Novice: 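A single structure is presented below for examination.
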Amino acid sequence: MSGSVATGSFPAKRESASGTPASGSMKLLSKKHSILERPVMQFRPFGVTPDGRKIRDVSGITIKANVEYLEEVVGKKNGKAAGRQAIERLCDSLNARIRDPSYHVTPEFLQNIWHSYSYEFTIYLGEFCILISEDPNFQFEMGKHKFISPVIQTLGRPFSVAQIFELFPRFGEKFAKDSLRFSVRNVTNGSAVLGMTLTEHVAQQFGPYRNRCAYVICQASKAGLLAVPQLVHHLGFASVRDLRCMADGDESCEWEFHWPAQPLPETRGWVVTGTVVCVSTMAFVYVRSTYPGLSWLEASLRTLIPGLASWFIWNWYRLKKKVEEREALLKEQVDSVDARHEELREAYLEQERTVVELRTLNADLENRIMERTRSLAVANERLRELDERKSAFVSIASHEIRTPLTSIKGFVENMLNGVTGDLHERQALYLTRVKYNIDRLTRTLNDLLDLSRIEAGHVELRLTDVSLTEVTAEALDNLRPQAEGKSLVLETRTPSQLSPIQGDRDKILQILTNLIHNAIKFTPSSGRISISLVPLPDSMIQVCVADTGCGIAPEEVPNVFDRFYRSDSGTTEARGAGLGLAITKSLVDLHRGRIWVESTIGSGTRFFFTLPAG
């Protein structure tokens with residue numbers, strides 16, 4: 001007997017094992033409110049729960065019963081094709097309510113009886129079956145015709161209806177494991193009172209829609225039970241009367257069933273035996289009274305022997321009939337077992353086929369991964385070679401270009417100093433511009449050389465105790481003429497006592513020089529540049545170089561430390577080759593520090609970097 005498609009109420013104000021209020025304490029909606037009002041399922045439909053518990057509230061037999069009956073009902077009304085389309089529509093409706101696509105279902109999946117499901121999923125499926133079939137009594141009719149599976153019908157033949165109802169809790173537990181609690185109040189040869197309630201974890205799945213779920217479970221479950229006399233012993237469907245219902249606020253569902261009483265074989269045997277004895281005795285008395293000359297032995301032979309012979313013949317016939325019935329039942333059970341064995345064999349073969357396919361896919365995937373890995377390794381090696389060649393080219397080109405530049409710069413300075421004679425104003429102006437651009441090109445070449453050395457790993461830090469206060473003052477002194485040329489105010493904020501750091505003094509000076517020089521370039525005249533040093537609790541010292549310049553656009557901030565990146569902010573003259581900040585970040589990283597930037601358009605920029613204290 002299949003478990004039902006829904007479930008019912010739970011005792012109000014009961015508490016869970018954890019001490020939290022059970023779901024019965026929540027406000028329950030009337031049974032007019034379906035669980036389909038909940039946009040998506042809140043619990044996993046099958047598999048295991050997040051805490052690792054196997055989900056087995058409802059057997060796959062129950063789900064298959066719903067699916068098969070939906071296909072039959074719609075197929076009889078609109079044709080077989082419509083029946084198959086109804087199952088597809090059912091799967092689409094369920095998948096639309098399941099958050100995780102990995103739990104989406106197919107018609108084949110739903111018709112596999114070896115799966116187990118959560119009760120929430122089962123309720124969604126039952127409600128969708130009602131909608132798709134357009135039959136509000138779908139659950140009752142489905143339970144009446146599908147819940148008692150052929151296997152249960154066959155296994156139940158040796159038992160009377162009363163015995164089957166007495167075994168109701170055991171059968172129910174098989175198909176609704178640990179989700180429903182079943183009880184038997186009273187069973188006679190022609191009537192039974194059966195009950196059912198639900199466990200707390202199932203009640204929590206239903207939430208405020210528990211009354212509607214209880215209504216659906218009552219319809220499906222009592223219909224399945226009233227079909228037992230007809231489907232197992234062909235006695236006709238039992239009548240049923242509701243005694244209690246969870247949908248109406250009761251703690252459990254109870255039903256009273258009535259069916260035609262089955263005559264007991266033992267009673268028939270005693271009746272026949274008693275009849276034979278009475279007839280034989282009456283015949284014996286009649287013969288003795290009619291023929292007094294006969295002896296007791298003769299009278300017994302003429303009266304009792306025929307009765308005994310009739311009794312033996314009747315018992316032989318009865319035993320022969322019983323043997324034939326048992327043989328037929330045994331054959332039916334063997335056929336049922338064979339059919340189930342065939343199902344298991346097909347399921348096993350399907351599982352093996354799936355395993356083989358997974359192995360094939362895994363092998364193919366592994367081959368693809370290995371192939372892609374080899375391709376990536378070759379590409380990475382090629383990129384590494386190209387990068388090494390690029391660095392070598394940059395280094396050689398920079399050296400080759402810097403030598404003639406130094407010579408050109410020397411000649412220009414000699415001319416400006418009057419070594420070649422007096423210069424008129426325009427000549428001096430042009431030579432000054434040449435010298436400025438030579439200096440600018442020299443700085444770019446130096447940056448390229450520094451970057452190529454850093455990327456090649458040829459930069460080694462000469463670690464000593466370094467006073468950041470002194471290095472900051474030196475960097476400001478070196479750049480003060482440039483700042484004064486733009487009427488910029490330079491200021492520092494340092495604590496009176498600041499521990500030295502372990503670092504390369506020249507590289508730290510280069511870091512500060514790059515950041516301060518960058519601030520001077522992007523700060524308009526009469527602006528302000530401040531450098532602050534702050535010790536942090538994690539044995540780090542934070543340095544901040546802030547300016548009142550044009551700022552950096554938010555979309556450009558993540559790219560400012562990339563090689564050759566030039567911001568669109570500021571004037572064309574202020575934009576360099578895009579190497580200074582990339583070099584600065586590399587030098588900070590070499591010191592195991594961190595660098596970042598904060599900026600607002602029109603309000604200035606603040607560059608921060610941290611260095612470990614000594």
Side-chain angles (χ1 to χ4, degrees), residues 432-433 435-448 450-451 454 468 471-494 507-534 541-589 593-611:
T432 302
R433 288 182 178 176
K435 181 178 181 296
Y436 170 79
N437 284 289
I438 289 173
D439 290 339
R440 182 179 176 186
L441 184 57
T442 301
R443 287 195 299 271
T444 301
L445 290 174
N446 290 335
D447 287 343
L448 283 171
D450 288 342
L451 188 61
I454 291 172
L468 275 180
V471 175
T472 302
E474 182 178 346
L476 288 174
D477 289 341
N478 293 338
L479 295 171
R480 196 174 300 279
Q482 295 182 31
E484 291 175 349
K486 297 180 67 176
S487 301
L488 301 179
V489 176
L490 299 179
E491 61 182 13
T492 58
R493 291 193 295 270
T494 60
K507 300 299 184 294
I508 295 173
L509 178 61
Q510 186 176 357
I511 292 171
L512 285 166
T513 300
N514 285 348
L515 293 178
I516 297 171
H517 182 263
N518 202 61
I520 292 173
K521 286 196 302 181
F522 288 95
T523 302
S525 298
S526 303
R528 182 180 297 274
I529 298 172
S530 63
I531 299 90
S532 60
L533 310 178
V534 179
I541 296 178
Q542 176 180 285
V543 182
C544 174
V545 178
D547 62 55
T548 58
C550 57
I552 304 172
E555 63 272 13
E556 294 182 337
V557 168
N559 305 318
V560 295
F561 296 108
D562 295 344
R563 289 177 298 174
F564 305 107
Y565 181 79
R566 304 203 305 172
S567 172
D568 292 333
S569 305
T571 62
T572 304
E573 292 182 357
R575 290 195 296 243
L579 296 174
L581 291 178
I583 294 172
T584 299
K585 183 179 186 306
S586 299
L587 293 176
V588 171
D589 292 340
R594 189 170 70 92
I595 187 169
W596 68 98
V597 61
E598 297 176 358
S599 184
T600 305
I601 288 292
S603 299
T605 303
R606 294 187 300 168
F607 279 92
F608 296 88
F609 68 91
T610 59
L611 296 173

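Not measured: the values here are computed from a predicted model.
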Novice: Only one of Thr472, Asn478, Asp477 forms a side-chain contact (heavy atoms from CB on, under 4.5 Å) with Glu474, so which one is it?
Specialist: Asn478

Novice: Output the distance between atom CG (Asn514) and atom CD1 (Ile583), rounded to the nearest 0.5 Å.
Specialist: 6.5 Å

Novice: First locate atom CD1 of Ile552, then atom CZ of Arg606, and finally report the distance between them rounded to the nearest 0.5 Å.
Specialist: 12.5 Å

Novice: Where do Ala519 and Val545 come nearest, in terms of heavy atoms and distance?
Specialist: CB-CG1, 4.4 Å

Novice: Considering residues, nucleotides and ligands other than Lys585, do more than 12 of their heavy atoms fall under 6.0 Å from its NZ?
Specialist: no

Novice: If you count every heavy atom of other residues, nucleotides or ligands that lies below 6.0 Å from Arg433 atom CZ, does the total exceed 12?
Specialist: no

Novice: Check the orientation of Trp596 and Phe608. Use parallel for under 30°, tilted for 30 to 60°, and perpendicular for over 60°.
Specialist: parallel

Novice: Donor-acceptor pair, distance only, cut-off 3.5 Å: does the side chain of Thr605 make one with the backbone of Ser599?
Specialist: no

Novice: Taking all heavy atoms of Leu490 and all of Ala483, pick out the closest pair and write down the distance.
Specialist: CD1-CB, 3.7 Å

Novice: Minimum heavy-atom separation for Ala475 to Thr513, with atom names?
Specialist: CB-OG1, 4.1 Å

Novice: Does Thr548 use its side chain to pair, donor to acceptor, with the backbone of Arg528 at less than 3.5 Å?
Specialist: yes

Novice: Which atom names give the shortest non-hydrogen contact between Thr610 and Val588, and what distance separates them?
Specialist: O-CG1, 4.1 Å

Novice: Taking all non-hydrogen atoms of both residues, which atom of Lys521 and which atom of Lys486 are closest, and how far apart?
Specialist: O-NZ, 3.5 Å

Novice: If I compare all heavy atoms of Lys507 with all of Leu587, which pair ends up nearest, and what's the gap?
Specialist: CD-CD2, 3.8 Å

Novice: Could you go through the side chain to side chain contact (heavy atoms under 4.5 Å, CB included) check for Leu581 and Leu515 one step at a time?
Specialist: CA-CA 8 Å; Leu581 291 178; Leu515 293 178; 3.8 Å; yes

Novice: To the nearest 0.5 angstrom, please state how far the CG atom of Leu488 sits from the OG atom of Ser525.
Specialist: 6.5 Å

Novice: Taking the side chain as everything from C-beta on, heavy atoms only, tell me whether Asn518 gets closer than 4.5 Å to Phe607.
Specialist: yes

Novice: State, yes or no, whether a side-chain contact exists between Ile520 and Asp547 at a heavy-atom distance under 4.5 Å.
Specialist: no

Novice: At what distance, to the nearest 0.5 angstrom, does OG1 of Thr523 lie from CD1 of Ile529?
Specialist: 4.5 Å

Novice: Can you tell me how far CG of Leu533 sits from OG1 of Thr492, rounded to the nearest 0.5 angstrom?
Specialist: 7.5 Å

Novice: At what distance, to the nearest 0.5 angstrom, does CG of Leu468 lie from CD1 of Ile511?
Specialist: 9.5 Å

